[in-house]
There are 2 protein chains.
Amino acid sequence: MAKEYPRIDITVDAVVFGYKPDEGISVLLIKRKKDPFKGTWAIPGGFVEVDESLEHAVSRELKEETGIEVNYLEQLYTFGEPKRDPRKRIVSVAYYALVKPDIYEVHAADDAEGAEWFNIEKLPKLAFDHKYILEMAIFRLRNKISYEPVGFELLDKHFPFSELHKLYETLYGKEIDRRNFKKKFLSLGILKELKEKNSGGKGRPGLLYQFDKDKYFQLKKKGIVFEI
Amino acid sequence: MAKEYPRIDITVDAVVFGYKPDEGISVLLIKRKKDPFKGTWAIPGGFVEVDESLEHAVSRELKEETGIEVNYLEQLYTFGEPKRDPRKRIVSVAYYALVKPDIYEVHAADDAEGAEWFNIEKLPKLAFDHKYILEMAIFRLRNKISYEPVGFELLDKHFPFSELHKLYETLYGKEIDRRNFKKKFLSLGILKELKEKNSGGKGRPGLLYQFDKDKYFQLKKKGIVFEI
DNA sequence: TTATTTTTGTGTAAATTAAACACAAATATG
DNA sequence: CATATTTGTGTTTAATTTACACAAAAATAA
């Protein structure tokens, strides 16, 4: 005799990170339009359709709810406590995503979507268990950049070294000696030094750099691990 | 107008690891009794009930299908490709678990349950996408022991240092200098040296050690990170 | 009994990596 | 044109990792 399993709904949620050197790390939140938690800020997300992959569901929901398209997406964790949604049993597969400055800035300007960026140091009260999810995402991102070159997903294609440096300082929450950091990072051999210089800054203009994805994958294939 | 979401079922799966110094790492598999993949080996698992947590579902299914109770359980990843199960859409939250040698040995002897241990180097053909899940679990375990003291969950409460050493060599798949490894591990300060000696071995009997959980959490709270 | 083999305990020197810091060069600003 | 700011390129010292030597405690073989 077949046992009848009551329905459990499955959703996806996404913690989207953006970065600006002078503002630090921000996340994209939406204001809930319905109960429960009507008017409270929440991580964007929604129900998974029966014939789409989880990643597809995330991308689709992000597009629908915030108008944003992300350039990096990775699964974070699945949250399934029976009472995490007061209405019914919902299991949520959470992802975290990264966007580059151009996307971040466009969507910071127009708030027609009802979506807003919040600095991770100044977060509002969040719906459901989203505070916990967000904290886990931040922790994961902090950790991830130490052994995989995902930081570039938060920077422009071409960037001055100081921006990469500042990103790591921001995420690690501590000062890192500029010269030692540069020495170590360059020794990894995954940065391409460009001819162009960074104009418009205050002091001496520095060279621009670019992440060399091919080189990185070559090294990875050889078993050489990235670590910073 | 409320949109009707077709049903997606949610299951949990568990990759259970066991260890014996002379046999290496093994995983617990069950032989499927029903189609699809009838007669093929698979990772134990099953449907989540509507009022139980995901962890509870894993523990319950493991007990039902293999008779085993694990001492360490952690979420691995959620697999949700639309076609991963030929019958219908199933999203599976995968876990990995560790058992101590006594449990491992008991269940290696009696195979009444239809569950069997397989060395991870000699795996049979697996159902669904379970090969992929298993590979990810192995990768994760290998990685995990490098920054969290989970190795003890595969050893007896008291163990000779050589067993810890051999465990790391097995998981890393390479030789590690015995003396340097011991020096480094002891310097972490999370092992308690016991008075007892390891009897019955071949050469000089070594002292037994025990994982000092309290010390570990003290250090962790201070922000001191375990790394081996 | 005694020599040999195996395994453990302890230590030391060399090599590598990380941390701390000095100073010159390029630009913007007063 | 002096000053402040930021970048580029080191060097020196400290800490960590790696490689390896050798004695001690048991089991086994002669």
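First the proteins, then the strands, lettered A, B, ... as listed; each starts at 1. The shown structure was predicted, so the numbers you read here are calculated from the model rather than taken from an experiment.
Comparing A:Asn198 and B:Pro205 by the nucleotide of DNA chain D whose heavy atom lies nearest to each, the residue mapping closer to the 5' end is A:Asn198. Nucleotides of DNA chain C nearest to B:Glu193 and A:Gly201 differ in position, and the one nearer the 5' end is that of B:Glu193.
Per the geometry, CZ belonging to B:Phe181 stands 16 Å off P belonging to D:dA19, to the nearest Å. Taking atom NZ of residue B:Lys166 and atom C1' of nucleotide C:dT6, one finds them 12 Å apart after rounding to whole Å. Across the protein-nucleic acid pair, B:Asp177 atom CG and C:dA13 atom C1' stand 14 Å apart, rounded to whole Å. Rounded to an integer number of Å, the gap from NZ of A:Lys184 to P of D:dG10 is 20 Å. Between the CZ atom of A:Arg178 and the C1' atom of C:dA24 there is a distance of 12 Å, given to the nearest Å. Following rounding to the nearest Å, A:Glu163 (CD) and D:dT6 (P) show an atom-to-atom distance of 13 Å. The CD atom of A:Glu175 sits 13 Å away from the P atom of C:dC21 (whole-angstrom rounding). Summarising the geometry, the separation between CG on B:Leu207 and C1' on D:dA25 is reported as 11 Å, rounded to the nearest angstrom.
Phosphate contact (OP1/OP2 of C:dT7, side-chain N/O of B:Ser162, threshold under 4.0 Å): absent. Between B:Lys202 and the phosphate of D:dA27, there is no side-chain N or O to OP1/OP2 separation shorter than 4.0 Å. Of the side-chain N and O atoms in B:Lys182, one or more sit less than 4.0 angstrom from OP1 or OP2 of C:dG9.
Nearest to the side chain of B:Lys183, among D:dA19, D:dA25, C:dC21, sits D:dA19.
The aromatic rings of B:Phe181 and B:His165 sit tilted, their planes meeting at an angle between 30° and 60°.
A salt bridge does not link B:Lys174 to B:Glu169: none of the charged nitrogens lies less than 4.0 Å from a carboxylate oxygen. Under a 4.0 Å N-O distance rule, the pair A:Lys144/A:Glu74 qualifies as a salt bridge.
A donor N or O paired with an acceptor N or O is not found under 3.5 Å between the base of C:dA19 and the side-chain atoms of A:Arg179. In terms of polar N and O atoms assigned as donor or acceptor, the side chain of A:Asn180 comes within less than 3.5 Å of the base of C:dA20 in a complementary pairing. Donor-acceptor pairing under 3.5 Å, judged by distance alone, is absent between the side chain of A:Arg204 and the base of D:dT6.
For the residue pair B:Ser92 and B:Asp13, a side-chain donor N or O sits within less than 3.5 Å of a side-chain acceptor on the partner. A:Tyr147 and A:Glu227 form no side-chain donor-acceptor contact under 3.5 Å, judged by distance and modelled atom types alone.
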